[in-house]
Amino acid sequence: MPVTHTKKYIFCFGAFFFIIYATTVFNVYAFSDDYNLAYFARHDYKSLAVPMIESGRVIYAIFFIAFKVISNINDFVWFRILSILGIATLTLLFATHLREEKRLPIAFCIGIPLLIGCMPALQIYAAWATCAPHAWAAVLAGLSFRSLDSQKKLTPLILLIVSLFLYQPSTMMFWVFAAAKWIPGKENKKILKKEFLTALIFMAIAMFIDYIIAKWLPLLLFHTPNSFDRVKVSLDFFAKLRWFIREPLVSALNFSGIKGDVTLAIISGIFIFSGFVHLYRLKILSKEKFILAILLIPLSYLPNLIVNENWASYRTQIALTSLFTLYAGLALLGWLHFMRLKKLLPWIVSILITICGLNAYNNVSQTIAIPQSKEYEVVKKYIYSHMTDLYSAQKIYLIPSSGDNSLSHITRYDEFGLPSSAQSWVPQYMAWFILHERYQGLAEKFEKAEVGPREKAPNGAYIIDFGEILNSSSLAL
């Protein structure tokens, strides 16, 4: 990208994503793990750090020291702003990377990164303070790939390790940067094979180091063995393959949508494959690159494919969805070449950016920012209206809400639409955040409150049912 245009692009990318994700900045809320992680950062950092380190996310654990500065619900916005800046940086870096491949039109090089920034994983990163480092981990992964050709061979390895120590799924953006260079590039077979093997070796070394740290550091620091499923290697190949096709693959091929529509996924897959066939017939894409494009699909989701845990949340799909977005763009070029309609590319890309941008804005606004803000306010109103009873209660028992109590029209995984209070570890800390600045004594009562289903409530306990609170609120709305 020309130096003279750098400031213009920085402004445009930054402005675009701050507009798309504006509701995460202008709504006052926290989301799910934000509550308990901010509490533990202040009161029991070890309880926060242990599971992070056991997950191989050592630097991510260190990041949460910054949560100590959070004193009230308003402070979470600064971490969401940090995340939006990370998204803008990642997409701008990817646009620069694409522009270095001279065969690609400018509309493609600008449009594909903007579309990637609107995908569900990035929507989650923008809306969830806990995910603030995730986009930056992807930036480090991109920089790692771009430094593979440098003389300092430790640089890409160090960048990869730091990225993995933040968030492993984001590190797989390494392969998206690789695909952007290899698939439309001009490298011959020997160079392509050498670069692919080099990239594989660097990634394998970095992931092995991360695995060793995850397995042994908890034992050294805390004298407890690691029992997390996310660090146990899965040996059931076919079960993993079925899960990959049914969940992550379908979600990723829905692009900016969050409904997991199988029909849309099939149509998207056919479009990409047929577009690649046109590129092959036009001799823009070789057989080797066709095979490489397929190999990069599982590599982009590798951390989740090699472990026992089967959890296809959108935040883990950043590289997989970004890869398919890149492939869809290349397929579109193939179709336009075939139909001799290349001049339509800027118009089509503009339409797609508008659709995906509106989709991202709507998803974040209607399923996270606004519902979470409302949830906090209705719980706050309930607690403030029952202060006398709460002060006199000997015990407080909290019943979590569920997805059925959502203030949104849709729930997907533990992300879009799910009430924060549906997570069993959240209700007492949500209440603590509501009370601790003005009513410290009552806040301490909630710290000790039990959480569970109604049938396990102890005799004489004051019961707060978060599901009932949200249901009454939704009826009032």
Side-chain angles (χ1 to χ4, degrees), residues 51-63 90 121 131 133-148 150 152-179 181-182 194-221 225-237 240-241 243-244 248 252 292 294-313 315-323:
M52 301 291 178
I53 294 171
E54 287 182 336
S55 300
R57 300 167 186 172
V58 179
I59 297 177
Y60 192 35
I62 295 169
F63 160 79
L90 171 64
C131 295
H134 293 4
W136 292 102
V139 171
L140 292 173
L143 291 172
S144 173
F145 180 81
R146 287 170 59 79
S147 63
L148 279 178
S150 71
K152 298 177 181 178
K153 292 302 179 184
L154 276 179
T155 301
L157 184 61
I158 291 169
L159 288 169
L160 268 183
I161 292 169
V162 173
S163 179
L164 286 166
F165 282 179
L166 278 169
Y167 190 59
Q168 296 94 336
S170 290
T171 308
M172 297 306 108
M173 280 298 291
F174 178 90
W175 299 115
V176 182
F177 278 79
K181 181 183 179 185
W182 294 338
K194 181 183 176 183
E195 289 187 356
F196 179 60
L197 289 175
T198 301
L200 269 179
I201 290 167
F202 272 89
M203 181 61 77
I205 293 170
M207 290 187 71
F208 179 73
I209 291 170
D210 187 47
Y211 177 76
I212 294 299
I213 292 293
K215 291 293 284 186
W216 292 104
L217 193 59
L219 197 60
L220 291 172
L221 293 178
N226 193 328
S227 58
F228 263 30
D229 269 353
R230 67 177 57 159
V231 293
K232 291 180 181 176
V233 177
S234 174
L235 300 175
D236 194 341
F237 173 80
K240 221 40 170 162
L241 180 62
W243 169 77
F244 179 61
L292 181 59
I294 295 170
L295 287 174
L296 289 172
I297 293 171
L299 285 174
S300 70
Y301 204 61
L302 192 60
N304 297 77
L305 290 177
I306 61 176
V307 297
N308 278 344
E309 185 181 63
N310 287 343
W311 184 240
S313 59
R315 59 189 178 275
T316 67
Q317 296 175 25
I318 174 174
L320 184 62
T321 311
S322 298
L323 187 69

Minimal non-hydrogen separation, [X] against [Y], with atom names:
{"X": "R315", "Y": "C131", "value": "CD-SG, 4.2 Å"}
{"X": "I297", "Y": "S300", "value": "O-OG, 2.7 Å"}
{"X": "S234", "Y": "N308", "value": "CA-OD1, 3.3 Å"}
{"X": "I213", "Y": "P218", "value": "O-CD, 3.5 Å"}
{"X": "S163", "Y": "A138", "value": "OG-N, 4.5 Å"}
{"X": "D210", "Y": "G56", "value": "OD1-O, 2.5 Å"}

Has the side chain of [X] got a donor or acceptor atom that lies under 3.5 Å from a matching backbone atom of [Y]?
{"X": "K240", "Y": "V307", "result": "yes"}
{"X": "K153", "Y": "L148", "result": "yes"}
{"X": "Q317", "Y": "A121", "result": "no"}
{"X": "S144", "Y": "L140", "result": "no"}

**OP:** Going by the side-chain contact (heavy atoms from CB on, under 4.5 Å) test, name the single residue among L323, L90, V176 that passes it with I318.
**Re:** L90
**OP:** Only one of T171, V58, I59 passes side-chain contact (heavy atoms from CB on, under 4.5 Å) with V162; say which it is.
**Re:**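 With V162 as partner, T171, V58, I59 yield a single side-chain contact (heavy atoms from CB on, under 4.5 Å), made by I59.
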Calculate, to the nearest 0.5 Å, the distance between atoms [atom1] and [atom2] belonging to [X] and [Y] respectively.
{"X": "I158", "Y": "L154", "atom1": "CD1", "atom2": "CG", "value": "5.0 Å"}
{"X": "L143", "Y": "L160", "atom1": "CG", "atom2": "CG", "value": "10.5 Å"}
{"X": "F165", "Y": "I209", "atom1": "CZ", "atom2": "CD1", "value": "7.5 Å"}
{"X": "W182", "Y": "W175", "atom1": "CH2", "atom2": "CH2", "value": "5.5 Å"}
{"X": "W243", "Y": "D236", "atom1": "CH2", "atom2": "CG", "value": "12.5 Å"}
{"X": "L305", "Y": "L241", "atom1": "CG", "atom2": "CG", "value": "9.0 Å"}

Any side-chain heavy atom of [X] sitting closer than 4.5 Å to one from [Y]?
{"X": "T316", "Y": "P248", "result": "no"}
{"X": "I306", "Y": "M207", "result": "yes"}
{"X": "P303", "Y": "M172", "result": "yes"}
{"X": "Y167", "Y": "P133", "result": "no"}
{"X": "F145", "Y": "M173", "result": "no"}

